[in-house]
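Fair warning: this is a prediction, and the values are worked out from it, not measured in the lab. Residue numbers begin at 1 in each chain, while the letters A, B, ... track the order of the sequences.
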Amino acid sequence: SAVISQKPSRDICQRGTSLTIQCQVDSQVTMMFWYRQQPGQSLTLIATANQGSEATYESGFVIDKFPISRPNLTFSTLTVSNMSPEDSSIYLCSVGMWERGNEQFFGPGTRLTVL
Amino acid sequence: GENVEQHPSTLSVQEGDSAVIKCTYSDSASNYFPWYKQELGKRPQLIIDIRSNVGEKKDQRIAVTLNKTAKHFSLHITETQPEDSAVYFCAASRGLDKQGGKLIFGQGTELSVKP
């Protein structure tokens with residue numbers, strides 16, 4: 001499977017600030033996704049990061065709050081804007097491996113705490 | 001919208017016993033059903049998956065069954081071991097269609113295997 005890295009692995013941020021999370025893959029992948037996992041909860045899809053075009057957001061998530069970039073087939077960023085304590089969560093990127101029949105693999109996650 | 005229901009939320013078994021986790025999905029167009037294992041503080045790991053053209057798939061002590069008519073799929077773990085203790089998530093996806101393979105996750109099952 002692809003090697004996926006995320007930066008930062010964790011961060012503690014102040015209310016009202018923004019944090020950009022990076023996701024890097026060691027090979028070109030068709031699809032990249034961003035998920036949120038709140039403590040003790042399941043994974044919720046934020047958006048699909050589309051290469052060369054605007055991301056596709058799920059219900060309840062908007063571009064102004066979670067701007068996403070995907071400049072090429074190996075890299076994406078998620079920004080959490082104007083943070084509040086409710087944004088404290090683990091943010092995970094995943095990549096879709098169509099060569100392996102739509103299997104998805106996850107990055108290690110970014111643990112965000114907002115004070 | 002799409003929904004995946006997972007039961008039970010917690011499951012405790014004795015080492016060597018079998019464990020069964022069940023999921024139902026609402027989107028009849030779903031055609032790909034992966035299962036992930038997430039250990040504490042780690043990323044979800046894909047352990048097995050099944051596609052809609054198959055009714056059952058087995059990989060050593062793990063098996064998954066799919067009933068498309070009932071929109072129901074299950075994970076079976078035999079001869080459980082303490083290292084099987086983790087949170088297990090089921091998911092459903094439309095695969096390679098316009099939805100782009102996004103995963104809808106169940107709520108998770110915390111499996112505890114007692115030695």
(request) Test B/C23 against B/W35 for side-chain contact (heavy atoms from CB on, under 4.5 Å), laying out the working first. (result) CA-CA 10 Å; B/C23 291; B/W35 287 86; 3.5 Å; yes

(request) Begin from the C-alpha positions of B/Q6 and B/T109 and carry the test side-chain hydrogen bond (donor to acceptor under 3.5 Å, both in side chains) through to its verdict. (result) CA-CA 7 Å; B/Q6 182 173 346; B/T109 296; 3.0 Å; yes

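Only the side chain of B/Q38 comes within contact range of chain A, with at least one heavy atom under 4.5 Å from a heavy atom of that chain. Of the atoms belonging to B/P44, heavy atoms from both backbone and side chain fall under 4.5 Å from chain A. Only the backbone of A/Q41 comes within contact range of chain B, judged by heavy atoms closer than 4.5 Å. Residue contact with chain B, scored on non-hydrogen atoms closer than 4.5 Å, involves the side chain of A/L92 exclusively. For a residue to count as touching a neighbouring chain, one of its non-hydrogen atoms must lie under 4.5 Å from one of that chain's; by this rule B/L103 touches chain A with backbone and side chain alike.
Among A/S94, A/G109, A/G107, the residue making the largest number of heavy-atom pairs under 4.5 Å with chain B is A/G107.
Placement of B/Y36 and B/L75 in two distinct hydrophobic clusters is found when ILVMFWY residues are connected by side-chain heavy-atom separations under 4.5 Å, directly or transitively.
A donor and an acceptor atom, one from each side chain of A/T20 and A/T79, are located under 3.5 Å apart.
Contact record, A/P8 with A/T110: O-OG1, 2.6 Å, taken as the closest heavy-atom pair.
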